[in-house]
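Structure, as structure tokens:
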Amino acid sequence: MTAIAISLIDVTKTYLDRTVVDRFSFAVKKGECFGLLGPNGAGKSTIARMAVGMTPPDAGKITVLGAPVPAQARLARASIGVVPQFDDLDQAFTVRENLLVFGRYFNMSTRQIEAVIPSLLEFARLESKADARVAGLSGGMKRRLMLARALINDPQLLILDEPTTGLDPHARHLIWERLRSLLARGKTILLTTHFMEEAERLCDRLCVLEEGQKIAEGRPQGLIDEQIGCQVIEINGGNPQELRALIKTCAQRIEVSGETLFCYSSAPEQVRVQLRERTDLRLLQRPPNLEDVFLRLTGREMKD
Amino acid sequence: MWENYAAVLPANGWNWIAVWRRNYLAWKKAALVSILGNLADPMIYLFGLGTGLGFMVGRVEGMSYIAFLATGMVAASAMTASTFEIIYAAFARMRDQRSWEAILYTKMTLGDIVLGEVVWAATKALLAGTAIAVVAAILGYAVWSSILHIVPVIALTGIAFASLAMVVAALAPSYDYFIFYQTLILTPMLFLSGAVYPVTQLPGNVQQMATFLPLAHSIDLIRPAMFGRPAADVIFHLGILFIFGVLPFFVSTALLRRRLMS
């Protein structure tokens, strides 16, 4: 058995005349959490769809769990669990029935499915909702049910398309905690997200995407150290051009995005000294994060 | 290209059953309402037209008009039940509820889903058509033993119209387009196939058209059976219905692949 769960080599996908994914390559090792990080429209979902054989690439080679995709995608899907971005739970059914019906799509017998349902409900913290209609569940519960549903075939690999988009912070943290428990059990995860925090918390390695192209790849902290490597002061208020002139001597780099000026400096206290007279400004000093990496590489913020 | 198409065809002979069972489980929850709804419409037509027009028409092909109409209604209700299941319920599962997408992430192929939906629609057609035949038999308009013979024909009629409707559903951007299929294809077919009056009432060249209509072949099999008469050209009629079941199935699967998996 190879140690690679997913491999994409020079994969290209074009819709009409728009290239959504452009000669994209990456490899996900077994047991790791790999993130595809990028703004909406960067091609993350298309890559996730191609990896399960839902969309054929125009060029390039995809191998998932040893099977060529899309030709043998069905073989690979037997050991994959997918959580799509949009709620596609069966509204006609209860929580338990959703799991039962889904298990049959993996050729499981009713008895086999009923044997795993209790542990899935426990995993999703939905024991008390087993016989509740899906329509009445909260957003967080629905997402946890989709996660439980993706685990019904005991997959080695999970593909999660924006698993916490649209959830409140509490629900999001619960999903993160559940995903970490899956990683601890040795599952491999491919995750798409536009949340920096999510990528930093969960991913062992990640790719940063923009307009279908890979603009950086590595460990989250490694990328941050390599691309930024100093403190960040966010400055709000005032005229960005004027401020830039004021602090440029004590900053490695300055980026302006919207109304915010990002000052990257190994000597943040000197920046503060320069600006001490300016009581009209709001200053926030923080360690660098992936958002800064994205801003550095693309010249714009990832926030939608 | 062909390799990708082959990958979406039914993976085996039994995967579709999982899709069928999903629909059965959902249907079971409201079975009574569904059966009554399916039966009410054709029954109202049968008694409304059958008794009302029956007085004016007298006997048709040696039978009372209501008995004649009942045989047409068996086939027609199979056609409607099957069509509506696909263009409304299955279309909703495919487009609005994204259920098919969820299923495509499993061991099922697109062909398995389409086949499961088609067989399910045919199951509903079977219920609707058989129910009318049973009512007709109870009222003495049909021969009881004929029901055994017409059950497979009703099922095949259901498969044919489900397959055809699947092509329409694969092409339709929204529900609004289904009205064209209903008014321009299905309703004329009802009249051209001899469901409500014998096709011999129509001009010769119009009669010829019936050869190409699946409903006509269904009626040509069901009507004599219910009257307890031997049917002619059984293999030919079954063959045409079979072709209408199979060809559109493959066409719709190809169209749906383009729609959902491009």
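In what follows, every heavy atom counts, from backbone to side chain, and hydrogens, waters and symmetry copies are set aside. Sequence lines set the chain letters: A, B, ... in the order given, protein chains first and strands last, and positions in each chain run from 1.
With hydrogens and angles left out, the side-chain atoms of D161(A) and T192(A) include a donor and acceptor closer than 3.5 Å. No side-chain donor from either of R93(B) and S99(B) sits under 3.5 Å from a side-chain acceptor of the other.
With a threshold of 4.5 angstrom between heavy atoms, T110(A) approaches chain B through side-chain atoms but not through N, CA, C or O. For A26(B), the parts lying under 4.5 angstrom from a heavy atom of chain A are both the backbone and the side chain.
Put simply, of A30(B), A7(B), S262(B), the one with the most heavy-atom pairs under 4.5 Å next to chain A is S262(B). If you tally non-hydrogen atom pairs under 4.5 Å between each of L25(B), L260(B), V19(B) and chain A, the highest count goes to L25(B).
The side-chain heavy atoms of R96(A) and D131(A), taken from C-beta on, include a pair separated by under 4.5 Å.
Between Y181(B) and F178(B), the distance separating the two ring centers is not shorter than 6.0 angstrom.
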